[in-house]
Amino acid sequence: QVQLVESGGGLVQTGGSLRLSCTASGTILKINTMGWYRQAPGKQRDLVARITSGDNVNYADSVKGRFTISRDNAKNTVYLQMNSLKPEDTAVYYCNANVLSSGLRRLEVWGQGTLVTVSS
């Protein structure tokens with residue numbers, strides 16, 4: 001009943017920037033925490049950044065100072081601005097949202113993922 005659609009991934013050179021977007025659709029009463037995770041080949045999926053409904057944020061140590069997460073509640077959208085990209089940032093980035101849906105059900109929803117490749 002709730003879906004997340006990501007966009008903004010692509011190929012960028014070391015030091016470049018990308019902005020990822022993720023929009024939630026469906027039966028949504030409220031989106032609580034939204035976040036971005038990433039998974040490189042052969043690696044586990046790790047938290048990159050997350051933001052609460054009150055705009056509290058936290059980041060993985062590896063991206064602090066380079067990435068910024070934000071949200072537009074009116075659009076049910078979360079963004080990840082990625083600056084100073086490094087090859088080690090290469091991964092599939094997944095959007096995640098904790099959603100209050102119909103019947104006051106709380107759902108944990110994942111997007112399909114968008115590939116970010118940083119060349120060097």
Side-chain angles (χ1 to χ4, degrees):
Q1 295 181 353
V2 179
Q3 292 182 318
L4 303 178
V5 178
E6 300 125 324
S7 64
L11 175 64
V12 66
Q13 294 183 346
T14 298
S17 298
L18 287 172
R19 190 170 88 145
L20 307 183
S21 299
C22 171
T23 299
S25 62
T27 305
I28 300 170
L29 298 177
K30 182 182 180 181
I31 302 177
N32 298 308
T33 301
M34 303 186 77
W36 290 95
Y37 295 72
R38 67 187 182 187
Q39 187 169 21
K43 303 293 185 180
Q44 298 199 64
R45 187 176 299 184
D46 295 323
L47 174 70
V48 177
R50 60 185 169 199
I51 183 168
T52 70
S53 60
D55 290 336
N56 293 315
V57 301
N58 69 292
Y59 299 93
D61 288 340
S62 59
V63 307
K64 287 180 179 177
R66 300 188 297 120
F67 291 10
T68 302
I69 189 170
S70 61
R71 62 191 290 168
D72 185 335
N73 292 328
K75 297 180 178 180
N76 288 336
T77 298
V78 62
Y79 305 95
L80 185 68
Q81 178 67 47
M82 304 185 294
N83 299 324
S84 302
L85 283 161
K86 305 174 181 179
E88 51 263 45
D89 295 318
T90 296
V92 177
Y93 284 70
Y94 296 92
C95 179
N96 172 268
N98 184 272
V99 178
L100 183 64
S101 188
S102 62
L104 300 181
R105 290 175 291 183
R106 301 182 78 254
L107 306 176
E108 199 76 20
V109 186
W110 291 91
Q112 297 294 314
T114 184
L115 177 63
V116 172
T117 303
V118 184
S119 64
S120 178

*In Å and rounded to the nearest 0.5 Å, what is the CD to CG distance from E6 to L80?*
11.0 Å

*For the residue pair I31 and A97, what are the closest heavy atoms and their distance?*
CG2-CB, 4.1 Å

*Can you check whether Y93's main-chain N or O pairs, donor with acceptor, with T114's side chain at less than 3.5 Å?*
no

*Hey, does M82 have a side-chain heavy atom less than 4.5 Å from the side chain of V12?*
no

*Would you say L100 and V2 are hydrophobically clustered, going by side-chain heavy atoms of ILVMFWY under 4.5 Å?*
no

_Which residues share a side chain to side chain contact (heavy atoms under 4.5 Å, CB included) with Q1, sequence neighbours left out_ = S101, S102, R105

*Partner residues of K64 under the salt bridge (charged side-chain N to carboxylate O under 4.0 Å, His left out) criterion, sequence neighbours left out*: D61

*If you round to the nearest 0.5 Å, how far is SG of C95 from CD of Q3?*
12.5 Å

*Check: V78 and I69 side chains under 4.5 Å, non-hydrogen atoms*: yes

*At their closest point, which heavy atom of V48 faces which heavy atom of V63, and how far apart are they?*
O-CG2, 3.6 Å

*Give a yes or no on whether Q13 atom CD has more than 12 heavy-atom contacts from other residues, nucleotides or ligands under 6.0 Å away.*
no

*Check whether more than 12 heavy atoms from other residues, nucleotides or ligands sit under 6.0 Å from atom CD of Q39, and answer yes or no.*
yes

*What pairs meet the salt bridge (charged side-chain N to carboxylate O under 4.0 Å, His left out) rule with one or both residues in residues 29-39, with sequence neighbours excluded?*
R38-D89

*Between Q81 and T68, is there a donor-acceptor pair closer than 3.5 Å when you use the side chain of the first and the backbone of the second?*
no

*Which residue pairs pass the ring-ring contact (aromatic ring centres under 6.0 Å, His included) test with at least one member in residues 56-88, sequence neighbours excluded?*
none

*Quick check: does any side chain N or O of E108 sit under 3.5 Å from a backbone N or O of N96, one acting as donor and the other as acceptor?*
no

Can you list, pair by pair, the side-chain donor-acceptor contacts under 3.5 Å of residues 15-26, counting residues two or more places apart and other chains?
unit_1 : atom_1 : unit_2 : atom_2 : d
S17    : OG     : N83    : OD1    : 2.8
T23    : OG1    : T77    : OG1    : 2.9

*Locate the shortest heavy-atom distance separating I51 from S70; write the atom from each residue and the value.*
CD1-CA, 3.9 Å

_Return the OG1 to CE distance between T52 and M34, rounded to the nearest 0.5 Å._
12.0 Å

*How far does CG of N73 sit from CG of D55, to the nearest 0.5 angstrom?*
6.5 Å

*Run through the side-chain heavy atoms of Ile, Leu, Val, Met, Phe, Trp and Tyr, join any pair under 4.5 Å, and report what else lands in W110's cluster.*
Y37, L47, V92, Y94, L115

